[in-house]
Amino acid sequence: MRRVSPAVWAFVIASTAGFMAALDNLVVTTALTSIRRDLGGGMSDLEWTVNAYTLSFAVLLLLGAALGDRFGRRRIFLVGLGVFTFASLAAALAPNINALIAARAVQGVGAAMLTPVSLTLLTAAVPVARRGLAFGAWGAVNGMAVATGPLIGGTVVEHLSWQWIFALNVPLGLLLLPLARLRLTESVGPDNRLDIPGTALASTALFGIVYAVIRGNDDGWTSGPVLAGLIAGATLLVAFLAWERRSPAPAVPLRLFRSRAFSAVNVASTLMSLGMFGAIFLLSQFLQAAQGFSPMQAGVRMLPWTGMPMVVAPLAGMLADRIGGRNIIAVGLALQAAGLGWFASVATADVSYAAQVPALMLSGAGMALFFAPVATLLMSSVRESEQGVASGVNNALREVGGALGVAVLTAVFTAHGNYTSPQHFVDGLVPALWVGASVVGVAALAVLAAPRRSGVGTAAGTAETGRAVADVPAVLRS
């Protein structure tokens with residue numbers, strides 16, 4: 001029997017852990033009604049079962065990357081995976097809503113530690129010529145986790161219980177822990193000094209901004225806590241930039257943003273998350289609140305969106321050969337924008353499912369074309385020694401974009417509609433989707449600012465990206 005290569009082990013471990021962390025962003029949304037029935041709590045409490053995870057995840061991603069560079073990426077991956085697994089068990093056993101919220105916050109801490117270092121560990125294990133494929137597959141798996149959250153959550157709630165949404169993480173985590181310990185190779189950053197002031201400034205700045213974004217709709221955007229969060233976050237962000245300019249070992253070297261590719265992919269990732277997270281959040285509720293489907297039925301009807309990556313990703317390689325990874329991402333974002341706009345144009349209280357399918361398929365195809373090559377473009381835009389920082393920055397911006405997306409599209413929704421009737425829901429949904437489509441359209445334009453080919457990465461890796469889903473283990477063998 002042929003020995004499994006370290007590259008395959010690294011891909012399986014990193015992708016599975018990344019899938020778990022990304023899935024928990026939205027998987028709980030379809031379980032909120034069941035959670036309220038069992039644990040009580042008001043609407044604000046239910047929102048915090050989602051937001052507690054998002055907040056701690058987004059705020060601590062840069063710290064997770066920095067700790068990996070300082071103390072060892074495998075070690076921090078193991079600690080993060082252990083924390084995530086333990087917190088998942090605590091969430092499943094939560095006796096009340098406050099305990100659940102606390103467990104979700106700790107889950108976010110674990111996810112923030114394992115996510116940025118997982119991509120760096122994968123980079124170290126995969127041969128240079130195969131990294132485009134590995135990055136593409138890793139990105140596609142994480143994208144599918146976000147999109148399939150409502151389906152998985154709805155199915156588990158309907159056939160088991162909401163507790164199993166979290167309990168299923170436990171056996172996976174317990175399986176991955178010894179595998180990661182035995183199969184991943186330890187590595188550290190080139191400069192293992194920890195920039196404590198810079199990391200603290202970045203984390204607290206993100207906390208203020210993300211907290212204000214999350215609370216803006218409920219407390220009012222001009223309320224004291226929200227304004228304080230925005231002002232303090234912006235002030236600390238300026239202080240962070242000033243510190244990084246003179247720090248001998250900066251947490252985020254600002255020269256990274258001089259790279260057009262690095263800046264473009266981060267702007268595009270932030271805007272894409274804003275549009276996509278907000279749209280999925282509202283569309284999963286539209287199928288239930290306005291059209292009367294159960295959580296599982298709603299998730300199944302999202303399959304034209306969530307299942308398209310399995311069909312489209314293998315084609316991305318052939319397209320990348322012709323037009324390049326940057327253009328693939330731009331086309332993917334354009335398709336996502338078109339899909340959201342199409343849904344907004346056909347949405348009515350009694351719209352048939354057949355009329356929804358083309359819009360869902362367009363959005364799913366666009367998502368696949370975005371997530372498959374985006375990690376390749378990101379990692380090839382920086383030096384290999386800076387890939388951990390690059391991963392932390394990109395994931396933090398995605399999380400901020402996702403939190404902002406839910407807040408912004410919900411604000412648009414509540415300004416025009418409500419949950420009192422299917423028609424009132426549609427009145428709010430349509431303008432929210434148009435906003436989401438516009439934001440994703442701007443993301444498509446932003447990514448075109450990147451150069452056609454990165455000077456750091458390899459063209460061969462980019463060209464192989466789309467074949468990730470079809471033949472990962474065979475091609476990753478060294």
Working for side-chain contact (heavy atoms from CB on, under 4.5 Å), residues L100 and I35: CA-CA 10 Å; L100 177 60; I35 291 172; 3.8 Å; yes

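- L360 CG to L340 CG: the interatomic distance, rounded to the nearest 0.5 Å, is 9.5 Å.
- Screening T115, L176, L121 against F77 for a side-chain contact (heavy atoms from CB on, under 4.5 Å) leaves a single residue, L121.
- Atom CG in L256 sits 9.5 Å away from atom CZ in R258 (nearest 0.5 Å).
- The shortest distance between side-chain heavy atoms of S269 and L397 does not fall below 4.5 Å.
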Evaluate side-chain contact (heavy atoms from CB on, under 4.5 Å) for V226 paired with Y211, printing each intermediate quantity in order. CA-CA 8 Å; V226 171; Y211 176 84; 5.9 Å; no

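- Here the closest heavy-atom approach between residue L175 and residue L179 is recorded as O-CG, 3.5 Å.
- Looking at every heavy atom in both residues, V117 comes nearest to G68 through CG1-CA, 3.9 Å.
- Atom CG of L67 sits about 5.0 Å away from atom CD1 of I76, to the nearest 0.5 Å.
- Remark: the backbone N or O of A200 is not paired with any side-chain donor or acceptor of S203 at under 3.5 angstrom.
- Atoms CG and CG, on L81 and L177 in that order, are 4.0 Å from each other to the nearest 0.5 Å.
- Heavy atoms only, all atoms of each residue included: L78 and A180 are closest at CD2-CB, 3.6 Å.
- Looking at heavy atoms from C-beta onward, W305 lies in side-chain contact with L283 at the 4.5 angstrom threshold.
- Side chain of T85 to backbone of L174: no donor-acceptor contact under 3.5 angstrom is found.
- A donor-acceptor contact shorter than 3.5 Å is absent between the side chain of R183 and the backbone of A10.
- Here the shortest heavy-atom pairing between Q163 and A92 reads CG-O, 3.1 Å.
- A perpendicular orientation is assigned to the rings of F166 and W162, their planes being inclined by more than 60° (bins at 30° and 60°).
- Between L63 and M113 there is no side-chain heavy-atom pair separated by less than 4.5 Å.
- With hydrogens and angles ignored, the 3.5 Å screen pairs no side-chain donor or acceptor of S273 with any backbone N or O of T270.
- Judged by distance alone, the side chain of E186 and the main-chain N or O of R73 form a donor-acceptor pair under 3.5 Å.
- Between V440 and M272, the shortest heavy-atom distance links the atoms CG2-O, 4.4 Å.
- Contact annotation: the side chain of L274 approaches that of L409 to within less than 4.5 Å [non-hydrogen atoms, C-beta and beyond].
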Just do the side-chain contact (heavy atoms from CB on, under 4.5 Å) check on F240 and L237 with the steps written out, would you? CA-CA 5 Å; F240 165 73; L237 184 59; 4.2 Å; yes

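- For the residue pair A103 and A87, the shortest heavy atom distance occurs at O-CB, 3.6 Å.
- Note: S263 OG to F257 CZ = 6.0 Å, rounded to the nearest 0.5 Å.
- Checked by atom type and distance alone, the side chain of Y53 pairs as donor or acceptor with a backbone atom of A21 at under 3.5 Å.
- Between the CG atom in L114 and the CD1 atom in I13 there is a gap of 12.5 Å [rounded to 0.5 Å].
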